[in-house]
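Remarks on the structure that follows.
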Amino acid sequence: MHNQEIAWALVEMANLLEILGENPFKVRAIRKGARVIEGLETPVSVLSARGQLAKIDGIGKGLCSEIDELLQAGESRQLQRLREKVPPGVLDMLQLPGIGLRAVRTFFAEGYTTLDELEEGARKHRLRLLPGIAAKTELAVIRGAEMLRRRSGKFGLGVAKPLAEELLRFLQNLPEVSRAEITGDLRRSQEVVEEIHLLVASHEPEALLALVKKHPSAAKVLVEGPGFVRFAFAFGLPVRVEITPESDFIARWVETTGTAQHWSALRSRGALPAKAVTDESGGELICQQWDAPRRDDGDWRRFISSQEAEEAFYEGLRLPWIPPELRESGQEVSQAEGGTLPQLVEMNDILGDFHIHTNWSDGVSSLEEMIGAGRDRGYAYMAITDHSQSLTVARGLSETKLREQQRAIRQLAAREKDFTVFSGIEMDILGDGRLDYADDILREMDVVIASVHTGLRQERQKVHSRLETALKNPHVDIIGHPTGRLIGTREPYDVDIDWLLDLAAKTGTILEINSSPDRLDLSAPHARLAKERGVMIAINTDAHDRARLSEMAFGVANARRAGLEREDILNTKPLAEVKKILSRPKG
DNA sequence: GCCGTTTTCGGCCCGACTGTTTTCAGTCG
């Protein structure tokens, strides 16, 4: 069982116990355990085998045996018992914004067991007859149910990508498989996907499909046919495994990666490269399709890499290779033809990370661990930016603590060679429009990120006035997660993005692409607008533990979808230039 | 359920806003 799956099982357990009225501290302890598991870089199964599980902070005897059971049986008896007591629809109710435990318990007690029933009750004004429920709550149910419906059947990049990569490794290691790749929306790094689509070249399709269906993740086969199977993980994410002859592979990969518009733009350029090909046994015609170029060493299995082959495919259309993230509207094809495709930023260009939390506020890992992890990633620099004093729930730093932390950072930084650690802060833009520290404190910080965490439902004028104070402050370098959205769970606060971009351009304030797959904020369309206005972007992880530093890849993919290039991004620049940018007077 | 001890029991993050009621519990971040 994947760490993520174990974490989900624990979260589900916590939610069920909460609804059933279990001790809130116990519930919180289990939730914390889930968060710790999510943040582990080593598979839980490995730690369990080594007997190291109980040594982890937040995992005690109880969770340890629960996790061991999940690992061994793939299920937990306690979880199954709890599920029998609470219908799944009641758990869904907890996801409705503005609806909490008390309301859900009331609904459940009154016999509402599905979201649909609840929504109908709200629309017919029957919920307001219940104790403690009135019109506003009915409205919250209706709005929330609509949001959940929009989200249903969609899975975030942070869930789908790692699972797809794991399945891909499984396929690539099978002797029946000559080539396997991720394709579809996931390859284009869409924010949410409806399925994992894997394309596989194999000369033994039947044997391969039989193996795929036996994969431990394939909880349920949804549909199967000649050359494909679609199965689902236990938590619902569907996986399509499509088998294609080696000769078709690259063409089919291109076809399934891009949108229909991209494919039709390619086709409109005339006939796609086509040529009669033969299979490895020699002689037999498979199809009238394009053949992947192969190395001339006579070994059928040793084709050139998929990437090279795809480049050759586009070359066959007299086009440069078009990055998957851009294969959307079809216009990228004419751009490619005109030689005006952007030179997209790549992971290798990223030299640091400016938004990192530690256990000084609400992070999991220590200063030493985070700094070590940044150095190990080969970064040239990073900034520690814990929460500011007013965000008490995240144990935000008082002025005294902040200064203490700054000293600790300076000390640790002094030990580093060729690796610079900036002492920064993620400062709250308070609900009343003030900033959380005075200018004389901010002046001492190497990096100041200003973020909105409260008053997310204020009217636009108020939100704008708060942001304006932050952007115009000479010490504020970066605005963190500039719209505050959580993909599929929370709408952005009311901000006019054009207004924000203009102000950022005018004041020389950098805007963040928050790499967390739950946020991706700025979104790709907004980041594209930012580039057009000449607003600089910082791609940050907002990591709360070591493992999440790797979420940088999601932020970079988002930037690529926005057409961003290296020069548009703060954390691709060499140290000297970064220092110059951070210390320049703002406009 | 976890943790840390004044070590096997008691505390566990908290302040502001909101919705439902009239003084506070629920919800959020």
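Below, chains carry the letters A, B, ... as their sequence lines are ordered, and counting in each starts from 1.
At whole-Å resolution of the value, CZ in Arg143(A) and P in dG19(B) are 10 Å apart. To the nearest angstrom, C1' of dT20(B) lies 13 Å from CG of Leu130(A). Following rounding to the nearest Å, Leu391(A) (CG) and dG15(B) (C1') show an atom-to-atom distance of 10 Å. As rounded to whole Å, 14 Å separates atom P of dT27(B) from atom CG of Asn15(A). One interatomic measurement links the two molecules: CD1 of Ile37(A) to C1' of dC2(B), which rounds to 14 Å at whole-angstrom precision. Remark: P of dG15(B) and CG of Asp428(A) are 15 Å apart, rounded to the nearest angstrom. For Ile30(A) and dC12(B), the CD1 to P distance is 19 Å, given to the nearest whole Å. What separates CZ of Arg35(A) from P of dG29(B) is a distance of 15 Å, to the nearest Å.
The nucleotide whose nearest atom lies closest to any side-chain atom of Thr137(A) is, among dT20(B), dT27(B), dC13(B), dT20(B). When each of dG19(B), dC13(B), dT27(B) is scored by its nearest atom to the side-chain atoms of Lys136(A), the top-ranked nucleotide is dG19(B). The nucleotide whose nearest atom lies closest to any side-chain atom of Arg102(A) is, among dG1(B), dG26(B), dC14(B), dG26(B). Residue His453(A) places its side chain closer to dG29(B) than to any other of dC2(B), dT20(B), dG29(B). Of the candidates dT27(B), dC12(B), dT20(B), the closest approach to any side-chain atom of Leu101(A) belongs to dT27(B). Taking only side-chain atoms of Arg395(A), from C-beta outward, the nucleotide of dC13(B), dT27(B), dG1(B) with the closest atom is dC13(B). Distances were taken from every side-chain heavy atom of Leu456(A) (C-beta onward) to each of dT27(B), dG29(B), dG1(B); the shortest belongs to dG29(B).
Each of Gly58(A) and Phe25(A) was matched to the nucleotide of DNA chain B holding its nearest heavy atom; the match closer to the 5' end belongs to Gly58(A).
The local environment of CZ in Arg460(A) is crowded, with over 12 non-hydrogen atoms from other residues, nucleotides or ligands closer than 6.0 Å. Counting heavy atoms of neighbouring residues, nucleotides and ligands inside a 6.0 Å radius, atom CZ of Arg457(A) does not exceed 12 of them.
Dashed line: the shortest gap from a side-chain N or O of Arg28(A) to OP1 or OP2 of dC13(B) is under 4.0 Å. Between Arg490(A) and dG29(B), a side-chain N or O to OP1/OP2 separation shorter than 4.0 Å is present. Phosphate proximity of dG15(B) to Thr454(A): absent, as no side-chain N or O sits under 4.0 Å from OP1 or OP2.
Results of the side-chain hydrogen bond (donor to acceptor under 3.5 Å, both in side chains) test with His357(A) over Thr385(A), Asp542(A), Thr541(A) single out Asp542(A) as the only residue that passes.
Using modelled atom types and a 3.5 Å distance limit, the side chains of His544(A) and Asp362(A) yield a donor-acceptor pair.
Here the separation of dG11(B) from dT6(B), taken at their P atoms, is 14 Å to the nearest Å. Nucleotides dT22(B) and dC17(B) are separated by 22 Å at their P atoms, to the nearest Å. Using P as the reference atom, dT20(B) and dG15(B) are 25 Å apart when rounded to the nearest Å. The same atom, P, is picked in dA16(B) and in dG10(B); the two are 31 Å apart, to the nearest Å. Spacing of P atoms, dT5(B) relative to dC13(B), comes out at 16 Å, to the nearest Å.
Proximity of a side-chain donor or acceptor of Asp436(A) to a complementary backbone N or O of Gln389(A) within less than 3.5 Å is detected. Checking side-chain atoms of Arg102(A) against main-chain N and O of Gly132(A) turns up a donor-acceptor pair under 3.5 Å.
Using a 4.0 Å heavy-atom distance criterion, Asp362(A) is classed as making no nucleic acid contact.
Pairing partner, dT18(B): dA25(B), with both Watson-Crick or wobble hydrogen-bond distances short of 3.5 Å.
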